[in-house]
Each structure stands twice: as structure tokens, then as C-alpha cells.
Amino acid sequence: MSEDGSPFTDRAQGFVAVAPAYRRQGLGTRLAADVDRFAATAGVRWLETETLERELAASLPLLRKRGFKELERYQTSRQRPATVNLSRLDELRSRLRHDGIETVALPEIDGEQSRQELYRCQTAIWRDMPHEAHVDWQDPPFDTLIRSIFERPAVLLESFFVARDGDHMVGLSYLLRRPDGDAEVGDTGVLSSHRRRGIARVLKMLVTRWATRHGISVVHTDNRADNAGMLAINRELGFQPDEVVVIMEKTMATPAAI
Ligand SMILES: CC(C)(COP(=O)(O)OP(=O)(O)OC[C@H]1O[C@@H](n2cnc3c(N)ncnc32)[C@H](O)[C@@H]1OP(=O)(O)O)[C@@H](O)C(=O)NCCC(=O)NCCS
């Protein structure tokens, strides 16, 4: 299951970590073997795990021995919202309005119809995020997705901005609260029919202004390293590159071969 409540198809994520003082005693190998066995019995076809680029030298020998190959990389980055120049926001926003695109905070338009629109827009955006062709998932049921936004304590609902073309929701961007008081970007996306009109830029600027006004000192995000569009917007809005997360994948043996 992804963190958004979408069940993966034939896929699972596994995590193995050993505290530095206990390394080089075979614990990582034993834990990884346990995870493998569990995944095989559960009928998992692809097993994912993640490591940091700066830890690859230590983790890669074990991962390779266990049959993992690199799947994708994510660039993490952080922004200090109070330092971002938002002087063009009102002008860019009214230019969009003039072209028929309204940008509003989600709570202002909440209702049955906008929730249906939100479901359609969010699930379409997930499908459009860069991913490998064999990585698949089922869209979560309507109620699960709506609960994961309106009832998840981490979601900062007031920071949730959407773009609408008439009643049709075409873009969104919002923040999640981190336990230490920082925030992280939940998702940002614009339907393919409405791209390159400056909608994502305005949505992220609105989110940045909200973060500044609410005293959030740091906003974190991560984007697939080949997501040129999102990385360009983030750079423009002051995000500074940080760690690179490497996702590794193992194709499990077919059940008959285990
Ligand atoms: C990334 C995404 C949100 C951009 O939305 P958008 O509304 O088209 O972006 P904007 O029009 O505001 O773009 C602003 C600037 O970003 C840059 N940019 C946007 N898309 C780009 C692309 N595909 N390639 C290169 N630069 C791009 C450009 O500098 C652009 O300015 P310009 O059009 O004047 O050249 C959209 O492509 C999308 O929804 N992708 C799928 C979902 C996704 O990957 N979300 C991020 C996951 S974390």
C-alpha cells in the first residue's frame, strides 16, 4: 500500500536498517533474508527498498548480492518560504483568472461536487507522475482518498490550493505537517490538458505564501530526478537540493521456483 492508500499491484516496500554500532555482524543479511522470505510467501513480484546516494558505498554490495537493481532516484530539496520573492503572485494569479482559471483554497469550495472533482484530479495526477511502466497500483476507493485528505492529521488543509477551469478541477498543491514543525509538499500537479500555462507556479506560490504567513520555517520536498518540470519550478521558488534517495528493486522468483 502506498502512503496515499493506493494498493500496489504485485509490489511491496521493505526496509532494513542496522544501527552503526551493530554493523558488520551479519544482522543486515539476516534481516534482509527475513524480509525476502516474507515477501515470497506473500506472493510479491517486485520488492522495493530505498537507500541514500551517500550510503550507496556501504549498502550496494549487500543489495546487489540480494538481487536488487536501481529503479529510480529522488532529489530531495528544501525551501525557506520567508526568503522567496512572491511579489509577482497577485499579478500571475489575476492573469490566470483572466484566462478562466481560478486558484482557491480547497476549504473555500468544499462540497460533494468538489470532492468528486478532487478525486478525479488527484488520481489522474498520480498516473502522470514519472514512474516506470511496470510499476502499477489501483486507485484507492473514493472514501479512502477523501479521508486521506480531509481526516489525515498531517494534512494542512488550509494550505491546500486548487485550480479550477469552471467547475472542473485541473490542478492542486498542498503541504503536510512534520512532527518537528517543518512542512513537506504533499503533491503538486496539473492535468495534462492545462500544462505550461503557469498554473503549477501560481499554486506553489500560494502554498509558499501560506507557509510564510503561518511561520513554517522550512518546506521539504522530493521529486524524481528526471522530473524536469517540477524541479524547474522548485528551483525558481528557492528550493535547494539536499540528499538523493535511491530506490532499489528486486524481481522475486516466481512462486514455483522458490
Ligand atoms: C510538473 C507540473 C506540475 C508542471 O505544471 P504546469 O502547470 O505545466 O507548470 P507551469 O506552467 O507553472 O510551469 C512553470 C515553469 O516551470 C518550467 N516547466 C514546467 N514544465 C516543464 C517541463 N515539462 N519541462 C521543463 N520545464 C518545465 C518552465 O520553466 C515553466 O515556465 P515556462 O512555461 O514559462 O517555460 C506538471 O507537469 C504535472 O502535473 N506533472 C505530473 C505530476 C507531477 O509530476 N508532479 C510533481 C510530482 S512531485
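Count residues from 1 along the sequence. If you're wondering where the values come from, they're calculated on a predicted model, not measured in any experiment. Counting starts at 1 for both ligands and their atoms, in listed order.
With sequence neighbours excluded, the residues satisfying side chain to side chain contact (heavy atoms under 4.5 Å, CB included) with Glu91 are Arg88, Arg95. Taking Glu112 as the reference, Gln116, Phe142 meet the side chain to side chain contact (heavy atoms under 4.5 Å, CB included) condition, with sequence neighbours excluded. Qualifying side chain to side chain contact (heavy atoms under 4.5 Å, CB included) partners for Leu96, counting only residues two or more places apart in sequence or in other chains: Ile101, Thr103, Ile199, Val202.
Among all heavy-atom pairs drawn from Leu71 and Glu249, the shortest one is CD1-OE2, 3.7 Å.
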Starting from the N and O atoms of ligand 1, collect every protein N/O partner closer than 3.5 Å and put each pair on its own line with the distance to 0.1 Å.
{"from": "ligand 1", "atom 1": "7 (O)", "to": "Ala200", "atom 2": "N", "distance (Å)": "3.0"}
{"from": "ligand 1", "atom 1": "8 (O)", "to": "Arg196", "atom 2": "N", "distance (Å)": "2.8"}
{"from": "ligand 1", "atom 1": "11 (O)", "to": "Arg196", "atom 2": "N", "distance (Å)": "3.4"}
{"from": "ligand 1", "atom 1": "11 (O)", "to": "Arg197", "atom 2": "N", "distance (Å)": "3.2"}
{"from": "ligand 1", "atom 1": "11 (O)", "to": "Gly198", "atom 2": "N", "distance (Å)": "2.7"}
{"from": "ligand 1", "atom 1": "12 (O)", "to": "Ala200", "atom 2": "N", "distance (Å)": "3.3"}
{"from": "ligand 1", "atom 1": "12 (O)", "to": "Arg201", "atom 2": "N", "distance (Å)": "2.9"}
{"from": "ligand 1", "atom 1": "31 (O)", "to": "Arg201", "atom 2": "NH2", "distance (Å)": "3.2"}
{"from": "ligand 1", "atom 1": "33 (O)", "to": "Arg196", "atom 2": "NE", "distance (Å)": "3.0"}
{"from": "ligand 1", "atom 1": "35 (O)", "to": "Arg196", "atom 2": "NH2", "distance (Å)": "3.0"}
{"from": "ligand 1", "atom 1": "37 (O)", "to": "Arg195", "atom 2": "NE", "distance (Å)": "3.2"}
{"from": "ligand 1", "atom 1": "39 (O)", "to": "Val190", "atom 2": "N", "distance (Å)": "2.8"}
{"from": "ligand 1", "atom 1": "39 (O)", "to": "Val190", "atom 2": "O", "distance (Å)": "3.2"}
{"from": "ligand 1", "atom 1": "44 (O)", "to": "Asn227", "atom 2": "ND2", "distance (Å)": "2.9"}
{"from": "ligand 1", "atom 1": "45 (N)", "to": "Thr188", "atom 2": "O", "distance (Å)": "2.8"}

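Sparse packing is recorded around CZ of Arg30, with 12 or fewer heavy atoms of other residues, nucleotides or ligands lying under 6.0 Å away.
Note on Leu175: it does not cluster hydrophobically with Tyr74, by side-chain heavy-atom contacts below 4.5 Å among ILVMFWY residues.
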